[in-house]
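The structure appears below as structure tokens.
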Amino acid sequence: MARYIHIITTALALSGLATADCQLGNKLTESDPPPEPKIELCETQGEGTWTFSMDVHEVDVPTFDSGAPWAGLVNGNSFMIYDNACVLKGVYSPGDEGNDCGIPFVIEENFLPFVLTVQQINFDVGAPRFQFAYANGLFTIGDNHCTCQDVSHDLEAEQACKCAFPLQGEPA
């Protein structure tokens with residue numbers, strides 16, 4: 001009987017781990033980066049309004065190998081946080097976090113007074129979307145002036161998405 005209790009206890013503990021939020025770490029290595037030149041990712045805002053952005057891209061280089069038709073496919077995605085002057089404060093790449101725990105993605109930083117939680121995501125380069133919660137607000141592509149734009153060039157398909165949010169949260 002004790003053996004079955006141990007198995008059930010272990011299974012319950014592991015199921016709690018499987019539903020834990022994915023904590024994203026900041027991959028920014030440059031301490032004082034210049035402002036973002038792509039307005040598709042960030043536009044300067046008034047004091048106290050920051051931008052959360054996402055870039056998704058895909059390149060497919062022909063390999064001429066019928067046994068591996070997708071061998072030349074390379075894709076990636078990342079989130080960025082910019083201050084009101086479009087200076088990059090954080091870069092987050094869910095694929096580089098060493099896990100595959102899925103959403104929600106959680107970002108906690110000293111420069112953010114509240115936790116930013118990505119609640120919904122679609123990394124499809126043809127129709128990217130995200131929804132995130134911050135302070136007392138919910139921000140979604142297609143609402144709140146949040147947009148995605150096609151910035152593809154040459155062999156690379158790319159979409160840039162951005163959404164402004166109030167650093168101190170919405171007024172109550």
Side-chain angles (χ1 to χ4, degrees), residues 18-28 33-60 70 73-172:
T19 61
D21 297 345
C22 285
Q23 180 76 40
L24 298 183
N26 193 341
K27 303 293 182 184
L28 183 63
E36 174 61 54
K38 282 186 175 179
I39 62 168
E40 295 86 4
L41 288 173
C42 184
E43 289 185 61
T44 56
Q45 306 284 330
E47 189 66 36
T49 301
W50 286 30
T51 302
F52 181 70
S53 299
M54 177 178 75
D55 183 79
V56 294
H57 59 274
E58 184 175 287
V59 176
D60 190 11
W70 299 109
L73 181 66
V74 177
N75 60 5
N77 51 62
S78 56
F79 300 118
M80 288 80 58
I81 297 176
Y82 296 94
D83 69 8
N84 62 301
C86 289
V87 173
L88 189 61
K89 295 296 185 181
V91 176
Y92 312 89
S93 183
D96 293 340
E97 294 298 319
N99 59 39
D100 187 20
C101 56
I103 58 173
F105 295 126
V106 174
I107 298 173
E108 293 183 77
E109 292 286 2
N110 292 336
F111 54 78
L112 294 175
F114 302 98
V115 174
L116 190 151
T117 304
V118 179
Q119 297 179 332
Q120 296 178 15
I121 190 75
N122 182 354
F123 289 128
D124 180 359
V125 76
R129 302 185 50 76
F130 62 71
Q131 179 183 70
F132 69 95
Y134 180 78
N136 54 348
L138 187 62
F139 305 88
T140 306
I141 293 297
D143 294 332
N144 315 93
H145 304 287
C146 301
T147 62
C148 290
Q149 286 187 274
D150 186 351
V151 292
S152 301
H153 58 282
D154 300 327
L155 294 176
E156 183 177 31
E158 183 179 11
Q159 293 267 349
C161 303
K162 66 182 175 189
C163 191
F165 67 96
L167 184 61
Q168 299 301 325
E170 298 284 348

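Heavy atoms only: backbone and side chains are in, while hydrogens, waters and symmetry mates are out. Bear in mind that the values here come from a model prediction, so they are computed numbers and not experimental data.
Here the side chains of Pro104 and Val118 are not in contact, with every heavy-atom distance at 4.5 Å or above. A 4.5 Å side-chain heavy-atom check between Leu88 and Leu28 finds at least one atom pair inside the cut-off. Counting heavy atoms from C-beta on, the side chains of Thr117 and Phe105 never come closer than 4.5 Å. Residues Asn84 and Thr44 have side chains not in contact (no heavy-atom distance under 4.5 Å, counting atoms from C-beta outward). Between Val106 and Leu116, every side-chain heavy-atom pair lies at or beyond the 4.5 Å cut-off. With a 4.5 Å cut-off on side-chain heavy atoms, Thr49 and Phe165 do not count as touching.
Panel note: side chain Tyr134, backbone Leu167; a donor-acceptor pair is recorded below 3.5 Å. In this structure, the side chain of Asn77 does not engage the main chain of Phe123 through any donor-acceptor pair within 3.5 Å. At least one donor-acceptor pair closer than 3.5 Å links the side chain of Ser152 to the backbone N or O of Glu158. Checked by atom type and distance alone, the side chain of Asp124 pairs as donor or acceptor with a backbone atom of Gly126 at under 3.5 Å. In this structure, the side chain of Asn122 engages the main chain of Ala127 through a donor-acceptor pair within 3.5 Å. In terms of modelled atom types and a separation under 3.5 Å, the side chain of Arg129 and the main chain of Ile121 share no donor-acceptor contact.
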Practice problem: Check the pair Asp83 / Gln45 against side-chain contact (heavy atoms from CB on, under 4.5 Å), numbers first and verdict last. | Solution: CA-CA 8 Å; Asp83 69 8; Gln45 306 284 330; over 6 Å; no
Exercise. Give the C-alpha distance, both sets of side-chain angles, the deciding distance and a yes or no for disulfide (SG to SG under 2.5 Å) between Cys146 and Cys161.
Key: CA-CA 7 Å; Cys146 301; Cys161 303; over 6 Å; no
Quiz item: Please walk me through it: do Gln23 and Glu108 pass side-chain contact (heavy atoms from CB on, under 4.5 Å)?
Solution: CA-CA 8 Å; Gln23 180 76 40; Glu108 293 183 77; 3.1 Å; yes
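Partners of His145 by side-chain hydrogen bond (donor to acceptor under 3.5 Å, both in side chains), not counting sequence neighbours: none found. Checked against ring-ring contact (aromatic ring centres under 6.0 Å, His included), Tyr82 has no partners two or more places apart in sequence or in another chain.
Of the inter-residue distances, the one linking Gln131 atom CD with Gln120 atom CD reads 4.0 Å to the nearest 0.5 angstrom. Taking OG of Ser93 as the reference point, atom CG of Asn26 lies at 11.5 Å (rounded to 0.5 Å). Atom-to-atom distance recorded for Glu109:CD and Phe114:CZ is 15.5 Å, nearest 0.5 angstrom.
In this structure, the ring of Phe79 has its center no less than 6.0 angstrom from the ring center of Phe132.
Within a 6.0 Å sphere centred on CG of Asn110, heavy atoms belonging to other residues, nucleotides or ligands number 12 at most.
Contact detail for Val125 and Pro128: the closest heavy-atom pair is O-CD, 3.8 Å. Here the closest non-hydrogen pair linking Pro35 and Ala85 is CB-O, 3.8 Å. The minimum heavy-atom distance linking Cys163 with Phe139 is given by the pair SG-CB, 3.6 Å.
Here the options are Gln149, Glu43, Glu40, the test is side chain to side chain donor-acceptor pair (under 3.5 Å), and the partner is Lys162; only Glu43 passes.
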